[in-house]
Every structure is written in C-alpha cells, then in structure tokens.
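Below is one structure, written out as structure tokens; the observations come after it.
Starting from 1, each residue takes its place in the sequence as its number.
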Amino acid sequence: MRRSPENERSASQEVTVYCLNPRLNDLFFKLLPKEHNHRFYVIKDPGAGHLIEPPFAPLRTYIVELFSVVTSLPKINRFSTSTLHMSNVQLSVTPNEALVDEKVNIRVDGLPKNGPITIKASLQEGSLRFSSYGCYTATDEGSVVVGEQKSQLGTYTGIEPMGLFWSMKPEPSCRQNVRLLKKDITKPIAVDLSVLEGHLSWEDLFDPPPQPLATVNVLRWYKHKSVRRERVVEGNIRGAIFTPPGPGPFPGVIDLFGSGGGLFDHRAALLASRGFCVFALPFFAYEDLPKSLPDVSLDYLIESTEWFAGLPKVKKDGIGIIGLSKGGMYALELCRQVSQIKAVVLVNGVSFYSDVPLKYSKGDIMNSEFKFDKIITTPEGIDIKECYKPTDDEFIKAWESEASVLCINGEDDGSLDYKTNERFLELVPEDQKHRFQLIKYPRAGHLIEPPYTPHCRYSFHKVFQFDFLWGGETKGHSVAQEDSWRRILDFFSHHLNGKQTLNNSVSKPASKL
C-alpha cells in the first residue's frame with residue numbers, strides 16, 4: 001500500500017506506538033558499541049502499532065532476513081553494552097569480618113540514577129551451597145543502602161539490614177532437605193556478596209550465574225579468635241570446652257542439643273565469644289559414647305555436669321545449661337539432680353520424660369507414650385507435634401530445684417506443640433512461678449538458632465531416617481532468632497553474673513576479630 005507524499009514521515013521523526021515506546025529501542029541502539037552496529041537493524045513504520053504480524057511485505061521480508069542474521073551470530077555479553085560498568089560500581093560491607101550475631105552495613109555506590117540492581121549472597125559449606133537475594137532501586141544519587149531501603153523482590157522483602165543472611169536457602173542444584181551447620185567452628189563462614197544488573201528472579205541467578213558488577217567476601221565467625229577450644233576426654237566424659245580470653249573464672253554454661261546425636265559446638269563457641277565458659281556436651285553417637293538414644297545414661301550427664309562445675313576456670317556460684325529439643329529434657333532433669341545449676345534455657349525444649357526410658361543407676365525413669373498413629377505426613381516431612389500428650393505426672397518437676405527457667409517456643413513448631421510447655425508452666429506452684437518464664441514466637445519453628453543464620457523449615461533426620469517438618473516462616477523465624485538470642489544472653493548474664501546485658505549484648509560488637 002503506497003502512501004501519499006504528504007503522509008510520509010522521515011525515519012528521524014517521532015513515531016507514536018501504543019504498546020511500546022520506540023524511544024526505548026532508540027536508547028538501546030545508542031548504547032551499542034560501534035563495532036557491533038553492522039549487526040543490528042531498526043525499521044520504523046509511522047502508521048504501525050504494537051501487534052505487527054505476517055504476511056504483508058515488505059516488513060515481513062525484513063523481519064525474516066533480520067532473524068536469520070541475528071540467530072547466526074554469537075550472543076553478546078549483556079554487561080558489555082550496559083551503562084553499569086564494573087569499574088564504577090562499589091560494594092562495601094562493614095565490618096567485613098564479624099561474629100554471626102553481629103549486624104553489618106551493606107552499601108552499593110556508583111549506580112545510575114534509579115538503576116535497578118539485585119544483590120546476591122552465597123556460601124558453601126561442604127558440598128552444600130546456600131544463596132539469597134534482594135532487588136533494589138538506586139536513589140537519585142546512585143546508591144543503595146540495604147539497611148535503609150526496601151528490597152522489592154527476593155528471598156526477603158522490605159527494609160531488612162540482615163535479610164541477605166537469614167533468608168538464605170539451598171540452591172536449586174542442591175538437596176533441599178538440609179540444615180546449614182558449621183562443622184568446623186575454627187574456620188569462618190565465608191559469604192560472597194555480589195551486585196547484579198537489573199531485578200532478577202531466583203531462577204535467573206543460576207545456570208549460568210550472571211556476571212557480577214561488583215563482589216565482596218564477608219567472614220562470619222561463631223568463635224572469636226581469642227576464644228580457646230579444648231577437646232574433652234576425661235574418663236567417660238566427652239565434648240569440647242570453649243574459654244574466653246583472660247584469667248577467669250567465668251560464668252559457666254553447658255550446651256546440649258537434641259535427638260540427632262553427635263557434637264554440636266557452634267552455639268557454645270558463640271556463647272564463649274560473649275564471655276561465658278561453655279561446655280558443648282554430647283550424649284550419644286559421638287566417639288566412644290553410646291550409639292543410640294535409648295542407651296543414654298543420666299549418670300553420665302550428672303558426672304559431666306559436676307565435673308564442669310568444679311573446674312577452676314568456672315565461677316563457683318552456679319552454672320547455666322541450655323538445651324534444644326530433647327536436650328531440654330536432660331537440662332531440666334539435671335537441674336533437679338545437680339544443685340550448682342542456677343539457670344536453665346529451653347529452646348523448644350521437651351519439658352516431660354519423652355521417647356524412651358531414661359537409664360539411671362537409682363532406677364530408670366519411664367517416658368511418656370509416643371502416639372505413632374498421630375504422625376502426620378506432609379510433602380516437606382513428618383509432623384509429630386500431636387504425638388506427644390504427656391500426663392501431668394510425666395512433666396519434669398524442675399520447680400523442686402533452685403534454678404530459674406526460661407522457655408523459648410515457636411508456635412509453628414512441627415516437632416513439639418508449644419502448648420505442652422504452657423501446661424508445664426501451669427503446673428509450677430504459685431510460690432515458684434517467679435522463677436519460670438515462657439516466651440512464644442508466632443511464626444517460628446523448632447530449630448531456633450543464633451541470629452542471622454538461615455531458617456531450616458525441614459530436613460533429613462539422620463537417626464530416624466525421615467524428613468522432619470520443623471516448621472516456621474522465614475521472616476517470623478528470623479525475628480525469633482534475633483530476639484531470643486538477646487534474651488538468652490541477658491538471662492545467663494543476670495543469673496550467673498548478676499548483671500543485665502539485654503541492651504548491649506548483641507548490638508555492641510565483640511572486640512575486633
């Protein structure tokens with residue numbers, strides 16, 4: 001169809017398009033390096049709209065010819081044509097070496113005004129890789145300050161200074177039913193942060209990963225470099241002791257984990273970095289200890305506790321004990337048996353005799369029945385919280401001791417119903433209730449760890465050979481981890497040191513690493 005001369009417009013005139021502004025394509029062609037100009041064509045029809053389709057010539061002919069040329073050429077690196085050049089973008093993290101419970105400040109400078117970027121964080125622990133990301137828009141000055149600006153999309157959203165750390169999850173190529181555990185706490189967790197062009201999705205970050213505009217490596221420690229770790233082999237007693245620098249004596253804490261067995265010492269190392277002498281105490285499936293949970297002996301736990309409380313570097317006016325899950329049951333029973341225990345923390349801890357009879361030279365202690373018919377199978381793992389329905393007589397009478405007790409519970413725990421600990425506190429006699437406290441977190445799961453560490457919603461239980469649903473929602477769980485850690489440090493400091501530390505225990509950094 002021919003156009004009359006009066007209706008013709010030159011190629012340099014502005015073209016009106018209803019579905020796509022042609023100025024965006026004009027900008028694209030202006031950004032092309034000169035050496036690539038011969039491979040790109042622009043065709044503009046002043047009377048055409050967005051939906052240009054076959055079969056009318058000459059436009060269809062041009063399109064077919066253009067596609068045949070373009071598809072035969074090698075792909076251009078997206079960053080070679082970008083207005084964001086690596087030499088201009090600066091990514092800074094301060095401090096870039098810190099304890100895992102310390103916040104850091106993340107900042108990006110040298111960006112175009114209102115330019116979109118993605119910040120990605122990644123780490124590798126053994127064969128596992130975890131990552132997270134947040135999408136940001138630069139200010140008019142070309143900067144992004146993570147602690148002051150909202151993430152618009154990512155593994156977290158909103159203003160979250162530490163979101164890149166607590167929202168990490170396994171990468172798509174890795175097993176998803178895993179928990180991030182630091183096996184060697186004498187080495188830091190190395191986190192790689194990178195700035196990427198544009199607002200990307202989770203899938204865009206991998207296979208292949210985009211080329212970063214800027215990168216920085218951040219080191220996160222559970223153990224301060226000045227803290228000393230000693231392996232314990234003392235008669236039947238096994239474990240590891242962490243001692244802060246200085247002559248001591250220090251307030252002492254025993255650290256117990258749950259039914260997974262083995263030695264977990266990351267939390268002990270972090271507590272020692274905050275000024276406590278800490279004994280990470282395994283009770284089965286470690287070195288020459290019993291191989292299975294039914295063989296755990298209360299006598300071993302009592303012997304280990306009394307030995308630790310008598311060490312010269314441990315203060316003599318009482319020790320603390322912290323237990324996660326099954327470790328909470330042992331912690332409560334130990335405070336009844338060992339008078340030196342003055343402070344007990346239960347982190348989703350079992351407050352009744354559970355699972356199997358507890359072996360004891362003075363007579364085995366029978367357990368509450370586990371109701372197998374109440375197991376709920378889910379796509380993420382088994383939910384067993386309804387399997388425990390202890391009678392009042394099966395709760396541990398910790399009020400018969402002189403210890404103060406802090407219970408920390410997630411209300412979305414898939415392994416232990418928080419209501420059992422509510423009942424536990426109801427059973428405490430009125431004249432003893434002042435020593436007991438229950439803190440509940442609405443969207444937190446079972447595995448409440450130190451702050452800014454990844455949330456594990458489900459994972460494979462190596463003892464029971466099932467995926468367990470631990471529960472929790474990532475944001476709510478991270479809130480619980482940050483708040484409960486401050487409370488734990490304050491609780492132990494108050495009862496073992498006689499002073500409050502809630503306002504400065506975590507916000508104030510430890511001495512320079």
Side-chain angles (χ1 to χ4, degrees), residues 99-103 161-162 165-166 222 250-258 264 266-278 318-325 327-328 331-332 335 341-351 398 403-413 416 418 420-422 424-425 428 432-453 455 470-473 475-510:
L99 295 174
V100 297
D101 64 359
E102 292 180 42
K103 290 184 176 180
M162 297 298 290
F165 296 90
W166 55 251
Y222 278 101
F250 307 98
V253 175
I254 292 176
D255 192 2
L256 298 167
F257 274 78
F264 294 81
H266 58 285
R267 185 171 62 191
L270 191 58
L271 283 168
S273 300
R274 292 302 179 186
F276 301 95
C277 181
V278 188
I319 65 171
I321 188 166
I322 180 170
L324 168 72
S325 191
L332 285 179
C335 80
I341 296 177
K342 301 300 181 185
V344 180
V345 174
L346 269 62
V347 181
N348 287 309
V350 179
S351 55
S404 295
V405 178
L406 171 64
C407 298
I408 291 166
N409 278 91
E411 292 187 4
D412 192 35
D413 188 340
L416 181 70
Y418 72 93
T420 60
N421 279 351
E422 288 183 334
F424 168 63
L425 263 69
V428 177
Q432 304 295 326
K433 285 189 183 296
H434 65 282
R435 295 192 286 114
F436 291 76
Q437 185 180 12
L438 172 62
I439 307 295
K440 297 179 292 184
Y441 297 97
R443 294 178 298 282
H446 188 68
L447 299 177
I448 297 178
E449 296 271 22
Y452 319 131
T453 56
H455 164 225
W470 306 117
E473 173 268 317
K475 168 59 179 172
H477 195 85
S478 75
V479 170
Q481 292 193 155
E482 183 174 359
D483 184 74
S484 64
W485 185 246
R486 289 198 301 265
R487 291 179 183 274
I488 290 167
L489 293 177
D490 178 63
F491 180 79
F492 280 144
S493 292
H494 175 67
H495 290 286
L496 307 180
N497 253 346
K499 63 182 180 180
Q500 297 283 348
T501 60
L502 181 60
N503 293 328
N504 60 25
S505 60
V506 175
S507 59
K508 182 179 178 181

If you compare all heavy atoms of V344 against all heavy atoms of A331, which two are closest, and at what distance to 0.1 Å? CG1-CB, 4.0 Å
Sorted by chain and residue number, the ring pair (Phe, Tyr, Trp, His ring centres under 6.0 Å) partners of Y441 (sequence neighbours excluded) come out as none
Less than 4.5 Å apart, any side-chain heavy atom of W485 and any of L271? yes
Which heavy atom of L496 sits nearest to which heavy atom of G320, and what is that distance? CD1-N, 3.6 Å
With sequence neighbours excluded, residues passing side chain to side chain donor-acceptor pair (under 3.5 Å) with S325: H446
List the atom pairs, with distances to 0.1 Å, where a side-chain N or O of residues 403-410 and a protein N or O form a donor-acceptor pair under 3.5 Å, not counting sequence neighbours.
residue : atom : partner : partner atom : Å
N409    : OD1  : N421    : ND2          : 3.0
N409    : ND2  : N348    : OD1          : 3.4

Can you name the nearest heavy-atom pair linking F276 to L489, along with the distance? CE1-CD2, 4.0 Å
Euclidean distance, I448 CD1 relative to S478 OG, rounded to 0.5 Å: 11.0 Å
Indicate whether any N or O donor in one side chain lies under 3.5 Å from an N or O acceptor in the other, for Y452 and E482. yes
Run the side-chain contact (heavy atoms from CB on, under 4.5 Å) check on L324 and F264 step by step: do they pass? CA-CA 11 Å; L324 168 72; F264 294 81; over 6 Å; no
Please evaluate residues W166 and K475 with respect to the criterion side-chain contact (heavy atoms from CB on, under 4.5 Å), reporting the C-alpha separation (whole Å), side-chain torsions for both, the decisive distance (0.1 Å), and the verdict. CA-CA 8 Å; W166 55 251; K475 168 59 179 172; 3.9 Å; yes
Between V100 and E449, is the side-chain contact (heavy atoms from CB on, under 4.5 Å) condition met? List the steps. CA-CA 11 Å; V100 297; E449 296 271 22; over 6 Å; no
From I488 CD1 over to D101 CG, what is the distance, rounded to the nearest 0.5 angstrom? 11.0 Å
Which label fits F257 and H266: parallel for a plane angle under 30°, tilted from 30 to 60°, or perpendicular past 60°? tilted
Suppose we screen for side chain to side chain contact (heavy atoms under 4.5 Å, CB included). Which residues come up paired with V428, at least two apart in sequence or across chains? W399, Q432, K433, F436
Write down the atom of H495, the atom of A343, and the distance for their closest heavy-atom approach. CB-CB, 3.9 Å
Full working for side-chain contact (heavy atoms from CB on, under 4.5 Å) between I319 and F492: CA-CA 9 Å; I319 65 171; F492 280 144; over 6 Å; no
Can a salt bridge be assigned to the pair D490 and R486 using a cut-off of 4.0 Å between side-chain N and carboxylate O? no
Using the test side chain to side chain contact (heavy atoms under 4.5 Å, CB included), find all partners of A268 that sit at least two apart in sequence or belong to another chain. F242, D255, V278, A280
Quick one: side chain to side chain contact (heavy atoms under 4.5 Å, CB included) partners of T420, sequence neighbours excluded? F352, P390, L416, D417
Taking every heavy atom of P450 against every heavy atom of R267, the minimum-distance pair comes out as CG-CG, 4.5 Å
Set of side chain to side chain contact (heavy atoms under 4.5 Å, CB included) partners for E422, sequence neighbours left out: Y418, K419, L438, K440
Note: L332 and S351 closest approach over all heavy atoms is CD1-CA, 3.6 Å
Name all residues meeting the side chain to side chain donor-acceptor pair (under 3.5 Å) criterion together with E473; count only those two or more places apart in sequence or in a different chain, and write none if there are none. R443
With sequence neighbours excluded, residues passing ring pair (Phe, Tyr, Trp, His ring centres under 6.0 Å) with F165: none
